[in-house]
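Note that the structure is a prediction, hence the values are computed from the model and not measured.
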Amino acid sequence: MTANIKRRCHFVTRRLAVSSLPLALLCSVLPAAPQDGGAPTLRLDPKRVEDALAGMVADGRAAGAGVLIWKGGREAYFGTAGFADREAHRPMTRDTIVQIYSMTKPVTGVALMQLWEQGKFGLDDPLARYLPEFESMQVYAGKDAAGSAIYRAASRPILVRDVMRHTAGFAYGAGDTPAHDAYVKADPLSLDNDLTEMGRRLAKVPLLFDPGAQWSYSIAVDVQALLVEKLSGQPFAEYVRQHMLEPLGMHDTAWRQPDERLPRFAALYHKTDGKLVRDPDASTRRLNFQNNRLTGGGFGLASTLDDYMRFARMLLGGGELDGTRILKPSTVRLMSTDQLDPRITQRLFLPSKGSVGFGLDFAVRHLQPQKPEENRGAVGEFFWDGAATTLFWVDPANRLATVFFVQTMPFDGTLHRDIRAAIYGAGYLGPKGD
């Protein structure tokens, strides 16, 4: 297995005259932010991170893995293990392009909040003010004595804030109610639909609950993309390219990747009967290497570690990177502040992410880890992940941002647990929080 694993570490200290010092001593010179209440400062253990990446490949949870860590104003660690394409023995490298799926969502949220800063809408405006098709939404209310579905008018309009915090009531695929069945039949996220058609179809699907009543992961971020188009007057992908990707220097990030980048594209693997099985190439490449009408706000971008780190560093920098401002610091703070009322107690899978709430397109940690098996992290961090088990987070308390790439389906939360434990240490608690 050792011969099949490629591990590469890059430290900013290579540029220092002390590069001949032992690795552990090099790590100790990296700056770390003090923690609240006298908690120990976070110091990276490069060997622990390297071993975690290798272990993910060795035990068959990932064909390849890579992580990039920015800390204290500099690159602190880069490492990979295994393969981007196991069958071709093509290693996971720094410029490997992977599908990030729902890590597209924070990009969409930032795009929409740029328009909010321009006064184009209010967070508590009714969605139907800008997208009239969502004016009179019905809510699924159970079944009558004969077993027929009951629908009623929503108790209040969907607000823009609802589509940014997953409280609108939309479905996101198959489920156990007639409203889910209606969603599947409408097929709003067919790649043959443009965003306008997506919205038209979705508006006819009953909501699962009244707006604001629950947190339920949904198609709402694709509705955000439609809002960006309506409010900006530009196609969504063009707006994102012009106002985010190009200004940030994210040159390898796109929905439709140029064909010449295909040799850098990672294969996708499904865990089947305990083993990783490669998905057919035609299926894997469908989102990024064919011309689709749909440009999803909630999925579809493919990116590299370095590109997505530039997005993460912009957020860590309060909306600015290398002199380019994307958002105001106050807007980043707003997005990374929990937006869920305490009375929103039904939160689907969100508690599995840790002691978190949800801001505007980010999960937000508000308490220290409450049990040993919980993901490590610091109060104030904000993050999201993708269906192929990719992950990023921004940790202002430690001046840290991390981007972690694998291409494993279905989503495997143990990989996130392990990379976080490797970076923070298994017993890390950090600032006390609320």
Side-chain angles (χ1 to χ4, degrees), residues 33 35-36 42 67-71 100-114 116-117 123 161 163-167 215 217 220-221 224 244 248 297-298 301 303 308-321 326-341 344 347 349-370 374-386 390-404 413 416-417 419-420 423-424 428-434:
Q35 303 296 330
D36 293 347
L42 174 63
V67 69
L68 181 58
I69 304 170
W70 186 270
K71 187 177 186 298
I100 62 173
Y101 290 100
S102 286
M103 278 170 57
T104 303
K105 288 178 168 70
V107 175
T108 300
V110 168
L112 185 56
M113 290 304 286
Q114 287 182 320
W116 177 78
E117 287 187 348
L123 287 172
R161 189 185 301 272
V163 301
M164 299 197 74
R165 62 178 189 172
H166 292 294
T167 57
W215 187 93
Y217 200 52
V221 189
Q224 290 181 45
M244 292 183 57
L248 288 174
L301 281 176
S303 190
Y308 208 87
M309 179 56 79
R310 292 193 66 79
F311 177 71
R313 285 176 55 201
M314 176 274 294
L315 295 168
L316 183 63
E320 183 177 0
L321 177 66
I326 301 298
L327 288 177
K328 297 177 182 178
S330 57
T331 304
V332 176
R333 289 194 297 271
L334 175 64
M335 296 183 72
S336 58
T337 298
D338 189 6
Q339 300 288 323
L340 298 183
D341 298 337
I344 301 177
R347 301 188 176 191
F349 61 74
L350 189 60
S352 70
K353 305 292 185 186
S355 298
V356 303
F358 204 83
L360 303 178
D361 289 307
F362 302 111
V364 180
R365 179 176 288 277
H366 55 74
L367 289 174
Q368 292 176 328
Q370 300 296 292
E374 183 179 336
N375 286 343
R376 299 299 97 177
V379 169
E381 71 159 285
F382 50 104
F383 65 92
W384 204 238
D385 47 42
T390 56
L391 170 69
F392 94 105
W393 73 90
V394 174
D395 173 0
N398 289 297
R399 299 171 60 202
L400 177 145
T402 301
V403 181
F404 170 69
H416 293 183
R417 180 198 65 201
I419 194 63
R420 283 176 169 275
I423 292 172
Y424 286 102
Y428 179 84
L429 294 178
K432 289 184 178 180
D434 291 342

Can you confirm whether the side chains of Asn375 and Tyr424 place a donor and an acceptor under 3.5 Å from each other? no

Please report the C-alpha distance between Arg165 and Asp361 in whole Å, then the side-chain angles of each, then the deciding distance to 0.1 Å, and finally whether the salt bridge (Lys or Arg N to Asp or Glu O under 4.0 Å) criterion is met. CA-CA 6 Å; Arg165 62 178 189 172; Asp361 289 307; over 6 Å; no

I need the Ile100 CD1 to Asp385 CG distance, nearest 0.5 Å. 11.5 Å

Please determine whether a side-chain nitrogen of the Lys or Arg among Arg420 and Glu381 lies less than 4.0 Å from a carboxylate oxygen of the Asp or Glu. yes

Distance-only, no hydrogens or angles: does the Glu117 side chain make a donor-acceptor pair with backbone N or O of Leu327 under 3.5 Å? no

Does some side-chain heavy atom of Val110 sit less than 4.5 Å from a side-chain heavy atom of Met314? yes

Tell me, with the steps shown, if Glu320 and Lys328 meet salt bridge (Lys or Arg N to Asp or Glu O under 4.0 Å). CA-CA 8 Å; Glu320 183 177 0; Lys328 297 177 182 178; over 6 Å; no

Closest heavy-atom contact between Ser355 and Gln368? OG-O, 3.5 Å

Pairwise distance CD(Gln339) to CG(Leu334) - rounded to 0.5 angstrom: 5.5 Å

For side chain to side chain contact (heavy atoms under 4.5 Å, CB included), just list the numbers for Trp116 and Leu360, CA-CA rounded to whole Å, side-chain angles, deciding distance to a tenth of an Å, and then say yes or no. CA-CA 12 Å; Trp116 177 78; Leu360 303 178; over 6 Å; no

So, does Thr104 use its side chain to make a donor-acceptor pair with the main chain of Leu301 at under 3.5 Å? yes

Any side-chain heavy-atom pair of Arg161 and Thr167 under 4.5 Å: no

Mind listing the closest non-hydrogen atom pair of Leu350 and Val356 along with its distance? O-CG2, 3.8 Å

For the pair Glu374 (side chain) and Ser352 (backbone), establish whether a donor and an acceptor sit closer than 3.5 Å, ignoring hydrogens and angles. no

Residue from Phe392, Trp393, Phe362, Phe358 passing ring-ring contact (aromatic ring centres under 6.0 Å, His included) with Trp384: Phe358

Which atom of Asp395 lies closest to which atom of Leu316, heavy atoms considered: O-CD1, 4.2 Å

Answer whether the closest heavy-atom distance between the side chains of Trp215 and Leu340 falls below 4.5 Å. yes

All heavy atoms of Leu391 vs all of Ile419, minimum pair found to be CD2-CG2, 4.3 Å

Ser102/Tyr217 under side-chain hydrogen bond (donor to acceptor under 3.5 Å, both in side chains): CA gap, chis, key distance, verdict: CA-CA 11 Å; Ser102 286; Tyr217 200 52; 2.8 Å; yes

Once you round to the nearest 0.5 Å, how far does NE2 of His416 lie from CZ of Arg376? 16.0 Å

Report the distance from atom CD1 of Ile423 to atom CG of Asn398, rounding to the nearest 0.5 Å. 11.0 Å

Pi-cation contact, Trp70 with Arg313 (under 6.0 Å, within 45°): yes

Measure from the side-chain N and O atoms of Lys71 to the backbone N and O of Leu400, and report whether any donor-acceptor pair falls under 3.5 Å. no

Quick one: CZ on Arg333 to CG on Leu315, what's the gap to the nearest 0.5 Å? 13.5 Å

For the atom pair CE (Met164) and OG1 (Thr108), what is the distance rounded to the nearest 0.5 Å? 9.0 Å

Mind listing the closest non-hydrogen atom pair of Tyr428 and Pro369 along with its distance? O-CG, 3.9 Å

Does the pair Phe311 and Ser303 meet the rule for a side chain to side chain contact (heavy atoms under 4.5 Å, CB included), with working shown? CA-CA 11 Å; Phe311 177 71; Ser303 190; over 6 Å; no

Would you sort out whether Ile69 and Met309 count as a side chain to side chain contact (heavy atoms under 4.5 Å, CB included), showing the intermediate values? CA-CA 8 Å; Ile69 304 170; Met309 179 56 79; 5.6 Å; no

Indicate the atoms forming the closest heavy-atom contact of Ile326 with Met244, along with that distance. CG2-CG, 4.4 Å

Does the side chain to side chain contact (heavy atoms under 4.5 Å, CB included) test come out yes or no for Met103 and Tyr308, once each step is laid out? CA-CA 9 Å; Met103 278 170 57; Tyr308 208 87; 3.5 Å; yes

